[in-house]
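In this text the structure is predicted, and so the values were computed from the model without any measurement.
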Amino acid sequence: MKVLFATLLVCSLLLCSSILEPVMAQPRSPSCAGKCKARCRKAAVWERCFKYCRICCEKCKCVPSGTYGNKHECPCYRDMVTNKGKPKCP
């Protein structure tokens, strides 16, 4: 009886977590995707540029204009750094 109860408890917890995960996930902003595509269109490693641009855009709510530079337009974007102290945002 105890084994059956424990099994049902574990199954119900797994089911609840799988249902709640999509509900709690933050939707990605379509405006960030468009801005980052424009920002990264000339990047040598497009996938990496796009990935980090989207991360920065979601957090800062802005992307500098152009394909390079102009980071003064978005101080949050400019000031984000990796754990090694290098700029995170392209």
Side-chain angles (χ1 to χ4, degrees):
M1 188 69 174
K2 290 181 182 181
V3 174
L4 179 64
F5 178 74
T7 304
L8 289 174
L9 182 63
V10 169
C11 288
S12 65
L13 289 173
L14 290 173
L15 181 62
C16 288
S17 67
S18 66
I19 291 171
L20 291 177
E21 186 177 337
V23 173
M24 296 174 66
Q26 296 263 340
R28 295 247 172 162
S29 171
S31 64
C32 282
K35 291 175 184 177
C36 288
K37 281 182 184 177
R39 178 90 177 157
C40 295
R41 73 175 183 261
K42 293 185 178 180
V45 186
W46 188 85
E47 292 86 9
R48 187 174 3 171
C49 178
F50 187 69
K51 174 186 173 184
Y52 288 108
C53 181
R54 294 262 323 243
I55 290 169
C56 295
C57 179
E58 292 292 329
K59 188 164 187 171
C60 297
K61 308 292 187 234
C62 64
V63 174
S65 62
T67 57
Y68 185 78
N70 301 325
K71 290 187 177 183
H72 63 278
E73 296 174 355
C74 185
C76 170
Y77 192 96
R78 176 193 65 213
D79 297 337
M80 285 183 71
V81 293
T82 65
N83 57 359
K84 294 180 181 176
K86 295 184 177 185
K88 183 172 192 163
C89 306

Gap separating the CZ atom of Arg54 from the NZ atom of Lys37, nearest 0.5 angstrom: 8.5 Å

Considering all heavy atoms, the nearest Glu58-Lys61 contact: O-NZ, 2.9 Å

pair check: Cys76 + Cys56, SG-SG < 2.5 Å: no

Pairs satisfying ring-ring contact (aromatic ring centres under 6.0 Å, His included), at least one member in residues 36-58, at least two apart: Trp46-Phe50

Nearest-0.5 Å distance, NZ of residue Lys71 to SG of residue Cys74: 10.0 Å

Donor-acceptor list for residues 80-90 side chains, cut-off 3.5 Å, not counting sequence neighbours:
unit_1: Thr82; atom_1: OG1; unit_2: Lys84; atom_2: N; d: 3.3
unit_1: Thr82; atom_1: OG1; unit_2: Lys86; atom_2: N; d: 3.3
unit_1: Thr82; atom_1: OG1; unit_2: Lys86; atom_2: O; d: 3.4

Any residue meeting side-chain hydrogen bond (donor to acceptor under 3.5 Å, both in side chains) with Ser65, in chain and number order, not counting sequence neighbours: Glu73

CZ-SG distance between Arg48 and Cys40, expressed to the nearest 0.5 angstrom: 11.0 Å

SG-SG distance Cys62 to Cys57 under 2.5 Å: no

Taking every non-hydrogen atom, the tightest pair across Ala38 and Thr67: O-CG2, 3.6 Å

